[in-house]
K.L.:
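Structure below; questions to follow.
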Amino acid sequence: MIKVKVKVEEVSTTIEVEKGKTILELLLAISKPLAQKAIIAEIVSSGNSQTQLDRTQLVSLVDLSHVIDSDSEIRIITSEDERALDTLNHSCAHIMACAIKKIYPDAKFAIGPSIRNGFYYDFDIDEKTISQEDLPVIEEEMKGIIEKDYKFERQEVTKAEAKEIFRNNPFKLELIDEIESPKVSIYTTGNFVDLCSGPHIPSTGKVGAFKLLSIAGAYWRGDERNKMLTRIYGASFFSEEDLQLYLERAEKAKNSDHRKIGKDLELFSFHDEAPGFPFFHPRGIILRNIIIDYWRKEHQKEGYLEIQTPVILSNELWKTSGHWDNYKDNMYFVNIEEKDYAIKPMNCPGAILVYKSSQHSYRELPLKYAELGLVHRHEKSGVLHGLFRVRSFTQDDAHIFCMESQLKDEITKIIDLVDRMYRVFGFHDYHVELSTRPLKRIGTDKMWDKAENALEEVVKAKDINYVINKGEGAFYGPKIDFHITDCFGRTWQCATIQLDFAMPEKFDIEYMGEDNAKHRPVMLHRVVLGSIERFIGILIEHYSGNLPPWLAPVQAVVLPISEKFGDYSRRVFDTLRANNFRVEFDNRVESLNKKIRDAELKKIPYMIVIGKREEETRTITIRRKVGEDMREIELDKFLSILKDVVENKKSTS
RNA sequence: GCCGAUGUAGCUCAAGUGGUAGAGCAGCUCACUCGUAAUGAGCAGGUUACCGGUUCGAGUCCGGUCGUCGGCUCCA
């Protein structure tokens, strides 16, 4: 007999069982309902690992069919646990593959993992292409498999045996070769066999609800030199309600799409005549200018000096900077009077020319040049995506020229600025990533050591949690990036701080030191919002278009109930406008209902309703997008409320 | 760039197997003067993305180009 301690959530119990029993058998002995609820188990500790496989893969999550043959402590994972949903999604990928195999017997399967919000499976079909219309057919087949409640049966085989089983599947053969352990595990579901480390749900019937979502191409192993496979995405859940909730959320995210809102609210547009180059409309420019005005104020307070450098610069400059070598395929070029020029993809060489235009003393440092620089980068046609991925955009850039001794202080100040500005825009949640030297780079290893250490020291000193991305730095220096989390839980890399010892060397820039000798300054490249255009897209989606009053292109609209109240309404409108509020006057001959509906669709924060009562009492009534209505209040009172909300950049109205 | 889908009026969408393009909303005109998410009627609006082919005849079938959408790859 062996002792097994079984934990489930906060309860734990120890029982003695015969060696060789499975977890499921053990659970049935303890409690049938628990056995019913259980999805997988976690081995918290055990006397010895059962198989060589477990030792090499360090798997702590196991199937319920896992055999216990020594004293152990196990934790039962039920459908409430996030990891159970992950397993469910993975199992559902197998179920989908099983269905596809039945419909298209020649399909060769590659990989089918669970992902953040569901699962996918990549496979190769030679003759046929699968389209959206085929998904319901596959779904029907899957439903049949789920109804039959097939078991997920795990089996461990030698690599030779596995190669025999998957002899017709080049993808699996490649995967088997890469597994280090002498044995591999395979799972059988119905008549579908897959190479897989598991764990899986006990049987297909555990899938309460699922939906196949989309179909796409994906390169084998994510390498564009490899074959393009067919990928089907789906999502599965333990209950129909969870699926419906997921679909509702997906619908909400779709309705928050900045491309749709941008068009509906007349903020910006795209045209076939300029793919990837955004056009900003009057309302979009209002939003853009508000962001820029705020940005300027914050930067002036921090001692930045704003500059502006040209969009077209000699190709020689880009050869000196190293951009031509590293990025010529993504740059635009023009030939003027038989000389080659490039449209700038970055602002740094321009800033360096400004620096070089005069001598500098150590007394001036740190010298902080800020620039809202319009850059152009050629993006491949397939990657364009609204304002998120464009071919021309405005970086809220700055280049700080300083002494090495000032680095940490300057980096700290940037981090504080980023933190302050993000909060104002309503982003309270972000994380930091540190990217180190890439393979393709300029500068010496000594420079890179210094630069990487400086960044890391500051992040550590500030006690910020960060992850390291090895080899992901810019070609001229390492960087720390700030990733904003929006209200949908998506993350967006916006701010970046890049440390650069290389460009000052390449451009031979210097300052006169206290010692009356020439020294080389260090450069910090940094952005806070990243791309103004992209940031606008992020803001729109974060707020689903319901921008807080300080950002809203139209803050209020005056709605007279009928033309009879036109004169008084006009005076209210004039007063608001005279006080610098962005207000519109809807004096169309339409019903109040219609005017309110239109104002709602335009996502205007305040609707000012004026009828007989308001005219008589010389008041206004406010219908707010957020919060209760304010009936018959003094115009002055509303002005002070609006002033407070706008000046203090409050997120609610 | 690659895989797949797609392109019809400003917007959202119709037009069995090829037979001279329709609707709602928006716009304009008229009537209604309205109390918290669409008042009614009328009018106007399209070389069906573009180029070529098949056909007596193409929005529809075929080829190409461009854009867009979902992914993959990429993102200084």
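Keep in mind that what you see is a predicted model, and the values were worked out from it rather than measured. Order of the sequence lines fixes the chain letters, A, B, ..., with proteins taken first and strands second; residue numbering starts at 1 for each chain.
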K.L.:
When rounded to the nearest Å, what value does the distance between P atoms of B/rG22 and B/rG59 take?
P.N.:
13 Å
K.L.:
Taking everything shown except A/K211 itself, do over 12 heavy atoms lie less than 6.0 Å from its NZ?
P.N.:
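12 or below, so no.
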K.L.:
With nearest nucleotide decided by heavy atoms, which residue, A/F565 or A/H378, maps closer to the 5′ end of RNA chain B?
P.N.:
A/F565
K.L.:
Give A/K595 one of three labels, base, sugar-phosphate or nothing, depending on what nucleic acid heavy atoms sit under 4.0 Å from its own.
P.N.:
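The residue A/K595 makes no contact with any strand.
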K.L.:
Donor-acceptor pair under 3.5 Å: do we get one between A/Y219's side chain and the base of B/rG71?
P.N.:
no
K.L.:
Taking atom types as modelled, find out whether A/H378 and A/Y332 have a side-chain donor-acceptor pair closer than 3.5 angstrom.
P.N.:
yes
K.L.:
A/T621 and A/E614: side chain to side chain donor-acceptor pair (under 3.5 Å), yes or no, with the steps?
P.N.:
CA-CA 7 Å; A/T621 286; A/E614 288 77 11; 2.6 Å; yes
K.L.:
So, does A/S131 get its side chain near the phosphate of B/rA5, meaning an N or O under 4.0 Å from OP1 or OP2?
P.N.:
no
K.L.:
Cut-off 3.5 Å, side chains only: do A/D500 and A/H525 have a donor facing an acceptor?
P.N.:
yes
K.L.:
Is any side-chain heavy atom of A/F507 closer than 4.5 Å to a side-chain heavy atom of A/L317?
P.N.:
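When only atoms from C-beta onward are counted, A/L317 and A/F507 do touch, with a gap below 4.5 Å.
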K.L.:
Considering only B/rC2, B/rC34, B/rU73, which nucleotide approaches the side chain of A/E224 most closely?
P.N.:
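Comparing B/rC2, B/rC34, B/rU73 against the side chain of A/E224, the answer is B/rU73.
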K.L.:
Considering every strand and a 4.0 Å limit on heavy-atom distances, what is the contact class for A/Y233: base, sugar-phosphate, or nothing?
P.N.:
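Answer is sugar-phosphate: A/Y233 comes under 4.0 Å of backbone atoms only.
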K.L.:
Could you check whether A/E600 gets within reach of a base, just the sugar-phosphate, or nothing at all, counting any heavy atom under 4.0 Å?
P.N.:
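Base contact.
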K.L.:
Would you indicate, yes or no, if B/rG70 has its OP1 or OP2 atom less than 4.0 angstrom from a side-chain nitrogen or oxygen of A/R259?
P.N.:
yes
K.L.:
Choosing from B/rG70, B/rA37, B/rC34, which nucleotide comes nearest the side chain of A/L601?
P.N.:
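Output: B/rA37.
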K.L.:
So does A/E614 reach the base of B/rG35 with its side chain, donor to acceptor, closer than 3.5 Å?
P.N.:
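By the distance-only test, yes, there is a pair.
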K.L.:
Of all residues at least two apart in sequence or in a different chain, which pass the ring-ring contact (aromatic ring centres under 6.0 Å, His included) check with A/W448?
P.N.:
none
K.L.:
Using a cut-off of less than 4.0 Å, is there contact between a side-chain N or O of A/N593 and OP1 or OP2 of B/rA38?
P.N.:
yes
K.L.:
Looking at RNA chain B, which of residues 527-548 of chain A put a heavy atom within less than 4.0 Å of it?
P.N.:
none
K.L.:
Ignoring hydrogens and angles, are the base of B/rC2 and the side chain of A/R225 linked by a donor-acceptor pair under 3.5 Å?
P.N.:
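Under the 3.5 Å cut-off, the side chain and the base do not form any donor-acceptor pair.
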K.L.:
Quick one: label A/R231 by what it contacts on the DNA or RNA (base, sugar-phosphate, nothing), any heavy atom closer than 4.0 Å.
P.N.:
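It contacts sugar-phosphate atoms only.
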K.L.:
Can you tell me the distance, in whole Å, between the CD1 atom of A/I610 and the P atom of B/rG35?
P.N.:
16 Å
K.L.:
Determine yes or no for a side-chain-to-main-chain donor-acceptor pair under 3.5 angstrom, with A/K172 supplying the side chain and A/A110 the backbone.
P.N.:
yes
K.L.:
I'd like the C1' distance from B/rA41 over to B/rU55, given in whole Å.
P.N.:
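It works out to 45 Å between them.
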K.L.:
Measure the distance from CG on A/L384 to C1' on B/rG71 and round it to the nearest whole Å.
P.N.:
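These atoms are roughly 14 Å apart.
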K.L.:
Using atom C1' of each nucleotide, how far apart are B/rA21 and B/rU68 to the nearest Å?
P.N.:
23 Å
K.L.:
If the P atom of B/rU60 is compared with that of B/rG52, how far apart are they to the nearest Å?
P.N.:
14 Å
K.L.:
Heavy-atom distance under 4.5 Å between the side chains of A/I261 and A/H258, does that happen here?
P.N.:
no
K.L.:
Whole Å only: how far is the CZ atom of A/R389 from the P atom of B/rC72?
P.N.:
12 Å
K.L.:
What nucleic acid atoms does A/H385 come within less than 4.0 Å of, heavy atoms only: base, sugar-phosphate, or nothing?
P.N.:
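Sugar-phosphate only.
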K.L.:
For a quick test of reading the model: is some side-chain N or O of A/K625 closer than 4.0 Å to OP1 or OP2 of B/rU36?
P.N.:
no
K.L.:
From C-beta outward on A/S562, which listed nucleotide comes closest to its side chain: B/rC11, B/rU33, B/rU73?
P.N.:
B/rU33
K.L.:
Taking only residues two or more places apart in sequence, or in another chain, which ones meet A/E379 in a salt bridge (Lys or Arg N to Asp or Glu O under 4.0 Å)?
P.N.:
A/R389
K.L.:
Take the protein atom NZ of A/K254 and the nucleotide atom C1' of B/rU12, then report the distance between them rounded to whole Å.
P.N.:
12 Å
K.L.:
With a 4.0 Å cutoff (strictly under), does any side-chain N or O of A/K380 reach OP1 or OP2 of B/rC72?
P.N.:
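The answer is no; no side-chain N or O of A/K380 sits under 4.0 Å from OP1 or OP2.
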K.L.:
Rounded to the nearest angstrom, tell me the gap between atom CE in A/M346 and atom P in B/rC75.
P.N.:
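Distance, rounded to whole Å: 14 Å.
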K.L.:
Checking A/E563 side chain against A/N587 main chain: does a donor-acceptor pair fall under 3.5 Å?
P.N.:
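Answer holds: no.
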K.L.:
Starting at atom CZ of A/R588, determine the distance to atom C1' of B/rG27, rounded to an integer number of angstrom.
P.N.:
12 Å
K.L.:
On a whole-Å scale, what distance lies between the C1' atoms belonging to B/rG19 and B/rC51?
P.N.:
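So the two C1' atoms sit 24 Å from each other.
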K.L.:
Determine the contact category for A/P275: base if any of its heavy atoms lies under 4.0 Å from a base atom, sugar-phosphate if only primed atoms, P, OP1 or OP2 are that close, otherwise nothing.
P.N.:
sugar-phosphate
K.L.:
Among residues 324-334 of chain A, which contact RNA chain B at a heavy-atom distance under 4.0 Å?
P.N.:
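The answer is A/Y327, A/N330.
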K.L.:
In plain terms, say whether A/R283 and A/E584 are close enough for a salt bridge, that is, a side-chain N and a carboxylate O under 4.0 Å apart.
P.N.:
yes
K.L.:
Considering non-hydrogen atoms only, spot the tightest contact between A/V527 and A/C494 and give its length.
P.N.:
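Looks like CG2-O, 3.7 Å.
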K.L.:
Please report the shortest heavy-atom distance between A/Y233 and A/A216, naming the atom on each side.
P.N.:
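A/Y233 and A/A216 have their closest heavy atoms at CE1-CB, 4.3 Å.
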K.L.:
In whole angstrom, what separates A/E628's CD from B/rU36's P?
P.N.:
15 Å
K.L.:
Among B/rA76, B/rG70, B/rC72, which is the nearest nucleotide to the side chain of A/K479?
P.N.:
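In terms of side-chain proximity for A/K479, the closest of B/rA76, B/rG70, B/rC72 is B/rA76.
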K.L.:
State which of B/rU33, B/rC25, B/rG35 makes the closest approach to the side chain of A/K594.
P.N.:
B/rC25
K.L.:
What dot-bracket string describes RNA chain B from 5' to 3', counting Watson-Crick and G-U wobble pairs whose defining distances are under 3.5 Å, with [ ] for crossing pairs and | for pairs to another strand?
P.N.:
(((((((..((((.....[..)))).(((((.......))))).....(((((..]....))))))))))))....
K.L.:
Under 4.0 Å, counting only non-hydrogen atoms across every strand here, what does A/Y476 touch: a base, just sugar-phosphate, or nothing?
P.N.:
sugar-phosphate
K.L.:
Starting at the 5' end of RNA chain B, which residue's closest nucleotide do you reach first, A/G386 or A/R377?
P.N.:
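On the 5' side of the pair lies A/G386.
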K.L.:
Students often mix this up, so state it plainly: with edges at 30° and 60°, are the rings of A/Y422 and A/Y430 parallel, tilted or perpendicular?
P.N.:
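Correct class here is perpendicular.
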K.L.:
Among all residues two or more places apart in sequence or in another chain, which pass the salt bridge (Lys or Arg N to Asp or Glu O under 4.0 Å) test with A/D329?
P.N.:
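With neighbours one apart ignored, the set is empty.
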K.L.:
Categorize A/G382 for me: base, sugar-phosphate, or nothing, with a 4.0 angstrom heavy-atom threshold over every strand shown.
P.N.:
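Contact class for A/G382: base.
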K.L.:
Given atom CZ of A/R597 and atom P of B/rG24, what is their separation to the nearest angstrom?
P.N.:
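About 16 Å, once rounded to whole Å.
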